[in-house]
Asks: 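Dumping the structure here so I can ask a few things about it.
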Amino acid sequence: MTILQIQCLLQYLGYYTITVDGIWGQGSEQATTDFQKAEGLEVDGIPGKLSQAALLDAVAKGRFKATDTTQPDSGDTGTEALWWKDIKYFTREEFRCKCGGKYCNGFPAEPQEGMVRAVDNVREHFGKAFTPNSGVRCPTHNANVGGVSNSRHLYGKAVDFHVPGKTAAQVLAYLATLPGLGYCYDIDGTSVHMDIE
């Protein structure tokens with residue numbers, strides 16, 4: 001795993017609380033040390049093979065840091081966030097990581113409210129049912145599909161989708177009218193990428 005991937009996974013579990021930057025420093029070492037203590041591993045602050053394997057297992061099984069059992073930025077208390085009841089067309093499951101459980105439990109980060117509300121608006125506007133092509137991604141799946149190292153998919157802030165019968169240009173024209181969006185672009189003429197600030 002890369003440093004960035006390790007930081008993302010440690011952050012998801014509640015051990016790493018500073019900026020994910022892909023640079024190994026004191027914060028990364030302390031987070032690794034805390035994780036190793038909690039998991040009963042040799043404590044050296046170095047994410048070797050055993051620590052990495054334990055990290056993936058902890059993410060897959062939801063073994064969060066004891067003092068913080070919520071997922072970062074989820075806005076809830078360990079259950080589905082209350083705002084989901086306002087979402088008309090989508091469920092949380094539709095934004096699950098597409099690694100199929102090979103590298104994570106499906107939600108290394110929670111789909112963020114602003115992103116989900118925006119894609120719900122797109123569905124309402126065009127009146128066409130669709131399923132996200134890519135929502136939340138774990139670091140390994142993101143790397144496998146060629147995602148950039150700082151992809152907002154890693155933080156539940158991005159989604160890729162295709163509206164049946166509409167070109168990417170038509171969808172992007174509508175996205176330009178929505179507040180709070182970050183970077184949106186045409187992927188292949190039909191699918192688009194959308195993320196939030």
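Here the structure is a predicted model, which means the values were calculated and not measured. Basis for what follows: all heavy atoms, side chains included, without hydrogens, waters or symmetry-related copies. Residues: numbered from 1 along the sequence shown.
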Asks: Report the relative orientation of the aromatic rings in Y12 and F64; use parallel for angles under 30°, tilted for 30 to 60°, perpendicular for over 60°.
Replies: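 If you compare the ring of Y12 with that of F64, the planes turn out perpendicular.
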
Asks: In this structure, would V159 and V145 fall into the same cluster of hydrophobic residues linked by side-chain contacts under 4.5 Å?
Replies: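 Not linked; separate clusters.
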
Asks: Any chance you could measure I3, atom CD1, to D21, atom CG, to the nearest 0.5 Å?
Replies: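 One finds 9.0 Å between CD1 of I3 and CG of D21.
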
Asks: Measuring centre to centre across the rings, with the benzene-like ring taken for any Trp, is H141 within less than 6.0 Å of H153?
Replies: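 No: the rings miss the under 6.0 Å criterion.
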
Asks: Would you check, one step at a time, whether the test side chain to side chain contact (heavy atoms under 4.5 Å, CB included) holds for F161 with T131?
Replies: CA-CA 7 Å; F161 62 92; T131 301; over 6 Å; no

Asks: Report yes if the distance between the aromatic ring centroids of Y174 and H125 is under 6.0 Å, otherwise no.
Replies: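 Yes, ring centres under 6.0 Å apart.
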
Asks: Determine, using the 4.5 Å side-chain heavy-atom cutoff (strictly less than), whether W83 and V122 are members of one ILVMFWY cluster.
Replies: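 Linked within one cluster.
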
Asks: Would you tell me whether S28 and Q7 have side-chain atoms, one donor and one acceptor, within less than 3.5 Å of each other?
Replies: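 The answer is yes; a qualifying pair exists.
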
Asks: What I'd like to find out is whether the side chain of V116 reaches to under 4.5 Å of the side chain of F95, using heavy atoms alone.
Replies: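 Counting from C-beta outward, V116 and F95 do come under 4.5 Å.
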
Asks: Looking only at non-hydrogen atoms, find the nearest pair between R63 and A54 and report the distance.
Replies: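 Shortest heavy-atom contact: NH2-O, 3.7 Å.
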
Asks: Distance from D186 atom CG to T167 atom OG1, nearest 0.5 Å?
Replies: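 Here the rounded value is 8.0 Å.
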
Asks: With side chains defined as the heavy atoms from C-beta onward, is the minimum distance between H162 and V192 less than 4.5 Å?
Replies: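 Not in contact.
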
Asks: Do you reckon Y103 sits in the same ILVMFWY cluster as V20, going by side-chain contacts under 4.5 Å, direct or chained?
Replies: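 Each belongs to a different hydrophobic cluster.
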
Asks: Considering only heavy atoms from C-beta outward, does the side chain of F107 approach that of E93 to under 4.5 Å?
Replies: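 Touching, per the 4.5 Å side-chain cut-off.
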
Asks: Check whether F90 forms a cation-pi arrangement with R123 (NZ or CZ under 6.0 Å from the six-membered ring centre, at most 45° off the ring normal).
Replies: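 No - R123 does not lie over the ring of F90 by the 6.0 Å and 45° rule.
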
Asks: Sequence neighbours left out, what passes side chain to side chain contact (heavy atoms under 4.5 Å, CB included) with A118? Give chain and number order.
Replies: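 Side chain to side chain contact (heavy atoms under 4.5 Å, CB included) check on A118 returns L178, L181, M194.
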
Asks: Can you give me the closest heavy-atom contact between G22 and L4, atom names plus distance?
Replies: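 That would be N-CD1, 3.8 Å.
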
Asks: Does a sphere of radius 6.0 Å around CG in L50 hold more than 12 heavy atoms from other residues, nucleotides or ligands, not counting ones at 6.0 Å or beyond?
Replies: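 At most 12 heavy atoms, drawn from other residues, nucleotides or ligands, come within 6.0 Å of this atom.
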
Asks: Residues in side chain to side chain contact (heavy atoms under 4.5 Å, CB included) with A31, at least two apart?
Replies: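 Here the qualifying residues are L10, Y15, Y16.
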
Asks: Are Y183 and V119 connected, step by step, through hydrophobic side chains (Ile, Leu, Val, Met, Phe, Trp, Tyr) whose heavy atoms are closer than 4.5 Å?
Replies: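 Y183 does not cluster with V119.
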
Asks: Would you say V136 and P108 make side-chain contact, with heavy atoms under 4.5 Å?
Replies: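 Of all side-chain heavy-atom pairs linking P108 with V136, at least one is under 4.5 Å.
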
Asks: Going from CG on L82 to CD on E113, what distance comes out if it is rounded to the nearest 0.5 angstrom?
Replies: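 One gets 10.0 Å once the value is rounded to the nearest 0.5 Å.
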
Asks: Once you round to the nearest 0.5 Å, how far does CG of L56 lie from CD1 of I6?
Replies: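 L56 atom CG to I6 atom CD1 measures 9.5 Å (nearest 0.5 Å).
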
Asks: Determine whether M115 and K157 make a side-chain contact, defined as any pair of heavy atoms from C-beta on separated by less than 4.5 Å.
Replies: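 Contact flag for M115/K157 side chains = no.
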
Asks: Provide the closest heavy-atom pair for G114 versus I196 in the form atom of the first, atom of the second, distance.
Replies: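 Scanning both residues completely, I find the closest heavy atoms to be C-CG2, 3.8 Å.
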
Asks: Between E124 and Y89, do the side chains contain a donor N or O and an acceptor N or O under 3.5 Å apart?
Replies: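 Checked: Y89/E124 side chains pair up, N/O donor to acceptor below 3.5 Å.
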
Asks: How long is the span from the CG atom in D120 to the CH2 atom in W84, to the nearest 0.5 Å?
Replies: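 Here the interatomic distance stands at 9.0 Å.
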
Asks: Rounded to the nearest 0.5 Å, what's the gap from CD1 on I18 to CD on Q11? Could you check?
Replies: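 Output value for this atom pair is 9.5 Å.
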
Asks: Do R96 and E94 have side-chain heavy atoms sitting under 4.5 Å apart?
Replies: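 In short, these two side chains do not touch, never coming nearer than 4.5 Å.
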
Asks: Would you kindly say whether T190 and D188 are connected by a side-chain donor-acceptor distance under 3.5 Å?
Replies: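 Yes, a side-chain donor-acceptor pair sits under 3.5 Å.
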
Asks: Please assess L55 against L13 for the test side chain to side chain contact (heavy atoms under 4.5 Å, CB included), listing each intermediate value before the final yes or no.
Replies: CA-CA 9 Å; L55 187 57; L13 293 172; 3.5 Å; yes

Asks: State, yes or no, whether a side-chain contact exists between H193 and I187 at a heavy-atom distance under 4.5 Å.
Replies: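 A side-chain contact under 4.5 Å exists here.
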
Asks: Passes side chain to side chain contact (heavy atoms under 4.5 Å, CB included), K61 versus N105? Steps please.
Replies: CA-CA 7 Å; K61 295 178 179 173; N105 68 353; over 6 Å; no

Asks: Any idea which heavy atoms bring C138 and C97 closest together, and the distance?
Replies: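 C138 and C97 have their closest heavy atoms at N-SG, 3.4 Å.
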
Asks: For the residue pair N133 and K98, establish whether any side-chain heavy-atom pair is separated by less than 4.5 Å.
Replies: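 Side chain of N133 against side chain of K98, heavy atoms only: no contact under 4.5 Å found.
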
Asks: So, does Q112 use its side chain to make a donor-acceptor pair with the main chain of E110 at under 3.5 Å?
Replies: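 Here the side-chain-to-backbone pair exists.
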
Asks: Indicate whether the side chain of D160 and that of S191 have a donor and an acceptor atom separated by less than 3.5 Å.
Replies: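 No pair is found: no donor N or O on one side chain lies under 3.5 Å from an acceptor on the other.
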
Asks: Which atom pair, heavy atoms only, marks the closest approach of G45 to Q36?
Replies: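 Of all heavy-atom pairs spanning G45 and Q36, the closest is N-OE1, 2.9 Å.
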
Asks: Could you tell me whether a side-chain N or O of S151 sits under 3.5 Å from a main-chain N or O of G147, the two making a donor and an acceptor?
Replies: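 Side chain of S151 to backbone of G147: no pair is present.
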
Asks: Between C184 and D195, which heavy-atom pair has the shortest distance, and what is it?
Replies: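 Nearest pair, atom of C184 first, then D195: SG-N, 4.4 Å.
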
